[in-house]
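Bear in mind the structure is a predicted one, so any value in this text is a computation, not a measurement. Numbered from 1 within each chain, the chains take letters A, B, ... in sequence-line order. What you see below is based on every heavy atom in this structure, not just the backbone, and it leaves out hydrogens, waters and symmetry mates.
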Amino acid sequence: MTTEGKTKAEARIDRYDPAAIEKKWQERWEADALYVARDDDPRPKWYALTMFPYTSGDLHIGHWFAMAPSDTQARYRRMRGHNVMFPIGFDAFGLPAENAAIKQNIHPSKWTFDNVDRMRGQLRSMGASFDWSREVNTATPDYYRWTQWWFLQFLKSNLAYRALAPAWWCPGCQTVLANEQVVGDGECERCGSPVSKKDLEQWFFRITRYADELLDCEGIEWPEQIRLMQRNWIGRSEGLDVGFDLDVPGVEAKEIRVFTTRPDTIYGVTFMVLAPEHPLVEKITTPEQRAAVDEYVRETRRQSEIERLSTEKEKSGVFTGAYVTNRFNGERVPVWIADYVLLTYGTGAVMGVPAHDERDFAFALKYGLPVIPVLARADGVSKSFSPAGTMKDGFTGALTEAGISFEEANGHVMVTLEERQAGVYEQIAREHLAPGSWTEIVGNRWRFIFEDGALELDSMEADRRILDRCKALQPSVAKARTVMEMLNGVPFYRDVLFHTDYTAMIHSRELSGTPGGRAIPETIAFAEKRGWGRPTVTYRLRDWLISRQRYWGAPIPVVYCDRDGIVPVPESELPVLLPDDAEFRPTGESPLTYHQGFLNTLCPTCGGPARRETDTMDTFICSSWYQMRYVDPKNPERPFSREKAEKWLPVDQYTGGAEHAVMHLLYARFFTKAARDIGLLDHGEPFLRLFSQGQILGPDGQRMSKSRGNVIAPDEQVQKYGADTVRAYLMFLGPWDEGGPFDLSGISGIHRWLNRVWDLVQEPVATASLPHAPATRELRHQTHRTIRKVTDDIERFRFNTMLAALMEYTNYLARARDAGPVDAAAWTEAIEKLLLMLAPTAPHLAEEFWARTGRPYSIHTQTWPSWDPALVAEETVTLVVQVNGKVRDRLTVPASISEAEAREAATASEKVRPYVEGKIVGKVIYVPGRLVSIVVS
RNA sequence: GCCGAAGUGGCGGAAUAGGCAGACGCGACAGUCUCAAAAACUGUUGGGCCGCAAGGCCCGUGCCGGUUCGAUCCCGGCCUUCGGCACCA
């Protein structure tokens, strides 16, 4: 053994030296333009795309984690006979460049392009099959000229418009802040001042025009959870848009419109809530309420939306002093403002129906607003609680006689009623009421039973009447502001006071009795017939605010002229260049607003003096169409030629981080649909297949970022182990869609494995001609089953199990070699298939061996291996025998075993017998080729 | 908080049309080689118990409950972690 080991070591041609072979092959591939996708290649096209990196500085391990598997897939597609285009570029505009500019006193352009130079080198070291001839960079005038061109097309198509929108404003720095720059409890990250939202005129893209189409993911193969996230993001709801009469002297508006998905509850409206920023708030607020309202609006402007919408936070609001009238029942209800209502959703106003909405219920209890139930309970249950002394003697006896069950504790009587018992109960209760007391039935019915009759809680007026009478009778409820507040003090009632079920309407005038299934459509029809409202679809999705008060972005190509207003810059004058000499004030205010040469221009229409728009575009716009530019990256006339777009688009396989599941992917889909409607494309979806990989985190389990100081760079590992090892290790870590904390400790395992492959391929092997030996059949079986497994896994992006299968295969080959002479032909096949299967993952190593074993350059232009099903088939299977679900034996049986034989073999098992003997055998379950399960008792 | 995911040995993970839990790798331990170390190679490695041994038994996939002959997988309820929440990209 010892001497043999030495012989092997000596026989080794040389050691695995990744640094040497990787550089050599990268240069060769580059020189041969091996990965340049040709437009005239007759093979079927395959457009593989990995999300282009943001130019943040150094490439970190997360970039490799995203790109290496994408490259493996692209290489696999190439070997499957496709003309693969796998382009790369840089997402180069954005906030960090400006932060660097201020902090390090370096121009954003220099910072960005220096980063690009470094990243390009790091990307090349990966040995990915990128087509560098198509590189794009969104911050170059060649590119952003077309980003501006898109803006002009959107403007022409009425997909771009201007409106007021809030932005974070730091009063200390006198500047707009990004969400990211607001830290702690709403403070400016730079100066610490408390910040608040300020309204600015800004540009929007009308993405909501495509809301319904974006909901439809027909024809694209995307993961279900991504589609679901997009669906929830768009948030389509059907409902009623309905007016409430407003009559405030001096206010022009005569109604306030609300959107509701629950029109069936409209008779239960007891208040209305406006978003604090609703334009009517200012107008309808009464002088007495002015101060409180103003203060509340100010406070709301300091909050983020996440804070505002938190359902955990206690609801708050302020009364405006104004009232509106519900057209359905004439009820006059107060108008409040509350931060949980957003101006951007629906009409920015909601009707408060506390009896059938949890949030409204809490709001009503807090502020003493009445609660009027207008829907029956699904279970028909009502409750009645009669405190000790409320009822005369004989009450419980009468209940028993009537067959009504009850509980009694300390003299209190608690009754839970089915619907059919309610009438009888009311009769009994009334007859037994002690002088000066009352009782009530609540839940499905809402009856307040007094000595002289019963009152129904069916209106705000009834709420007051009932409450007044109760207070007169019982001083302990004097503090209650509403009937519901009084009832809420009885723990026995807690579970029947409100519900959100879709049930029959009550207390709803002519609509009372409408069953749950028809309540919503009938209420809508009722409103529509009278001209009070109309059926409406509302989306959570909002139009895309694209204005950024920043320097490092594509300038929005419009000018403002005193005579002609908003004038688009003519296409022939694009690009509107960013001035190189902009001054970066430490305040961070957009330098464009100070740059006279940029700011002052002439109106394209009248030639008179005009001002340029100084806002730039959201960088998500740059990344919404880059996949189109790759097909024709150098076109000086158009963003891309029609011919090339039709040749290459849409992207066949897109891969990228799960953090982009909603926004980027939704914006890109919107762009493609708009491009189609403008007449630039024939298709409406940019990415046919999507795979969303997980995010690689720092060793501490947090997102890698420079500020956290947990960034792991791949360079050192690449130097130590080579790119092939780093690539394979990242793919071996776990399922690609999961991500997780990054830990380097296992990388040596991959390196050891590649070293074993190195030895396996190069060391001499004792061969013979043994075509019929069982070992030869086994060798070929292993080869072919591995091909099938690796092919399946690579198709499904299961790279971790693909690598495990390859490791098992190499372990097997080493054992087969050591076991004695192997069949020459089968061994040659094994090594050849092994190299082909390794090529997409370890491209340099595979290429090196392909050459060393005298095979023709390049392995990356070879055909992916196929498997022979006859060789894959197993000859024997393990049959599991269970007794009462516990494994008692495992039998090796021929794969062709019949059911009868399997049952026979199972019952005959020595190990099974003790568990079956003396017991009654019930059913015996047989799963073909897998198990026999015997049930005994 | 809301939306989407994930919780399995010391660690990364494998196994889901409901059917052998822990593939593959790391680490650890033991050994070979070496003056020694590194590297490399070989073996063992979920926990507990019985047995000299061959071997056998019980428990075990975040927590609680359910369905089933059988649950990591399906259902109900929790807990924790991660991603997104519209100006980070």
Whole-angstrom distance between [N] and [M], as gauged at atom [atom1]:
{"N": "rA28(B)", "M": "rG77(B)", "atom1": "P", "answer": "45 Å"}
{"N": "rA15(B)", "M": "rU8(B)", "atom1": "P", "answer": "15 Å"}
{"N": "rC57(B)", "M": "rC3(B)", "atom1": "C1'", "answer": "48 Å"}
{"N": "rC82(B)", "M": "rA23(B)", "atom1": "C1'", "answer": "26 Å"}
{"N": "rU42(B)", "M": "rC33(B)", "atom1": "C1'", "answer": "11 Å"}

For this session: Scan Asn811(A) against the nucleic acid and name what it touches under 4.0 Å (heavy atoms): base, sugar-phosphate only, or nothing.
Result: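 Sugar-phosphate only.
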Of the listed nucleotides [options], the one nearest the side chain of [X]:
{"X": "Thr619(A)", "options": "rA89(B), rC87(B), rG4(B)", "result": "rA89(B)"}
{"X": "Thr801(A)", "options": "rA14(B), rG1(B), rG4(B)", "result": "rA14(B)"}
{"X": "Asn232(A)", "options": "rC69(B), rG4(B), rC87(B)", "result": "rG4(B)"}

Seminar exercise, completed: Given the 90°-from-0 boundary between syn and anti, rG9(B) should be labelled syn
For [N], does the base pair up with any side-chain atom of [X] as donor and acceptor (N or O, under 3.5 Å, distance only)?
{"X": "Gln695(A)", "N": "rG83(B)", "result": "no"}
{"X": "Arg930(A)", "N": "rC20(B)", "result": "no"}
{"X": "Gln549(A)", "N": "rC87(B)", "result": "yes"}
{"X": "Gln202(A)", "N": "rC87(B)", "result": "yes"}

Exercise. Would one find more than 12 heavy atoms of other residues, nucleotides or ligands at under 6.0 Å from atom CG of Leu164(A)?
Worked result: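 More than 12 within 6.0 Å, yes.
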For this session: Answer yes or no: are there more than 12 heavy-atom neighbours, outside Lys313(A) itself, under 6.0 Å from its atom NZ?
Result: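 Counting neighbours around NZ of Lys313(A), more than 12 heavy atoms of other residues, nucleotides or ligands fall under 6.0 Å, so yes.
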Problem set entry | Single hit among Gln549(A), Arg162(A), Arg548(A) for side chain to side chain donor-acceptor pair (under 3.5 Å) with Gln202(A) |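 With Gln202(A) as partner, Gln549(A), Arg162(A), Arg548(A) yield a single side chain to side chain donor-acceptor pair (under 3.5 Å), made by Gln549(A).
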Exercise. Want to settle it: does Arg890(A) or Met229(A) sit nearer the 5' end of RNA chain B, counting the closest nucleotide to each?
Worked result: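 Counting from the 5' end, the first nearest nucleotide belongs to Met229(A).
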For this session: Would you mind telling me which residue lines up with the more 5' stretch of RNA chain B, Gly739(A) or Leu545(A), judged by nearest nucleotide?
Result: Gly739(A)
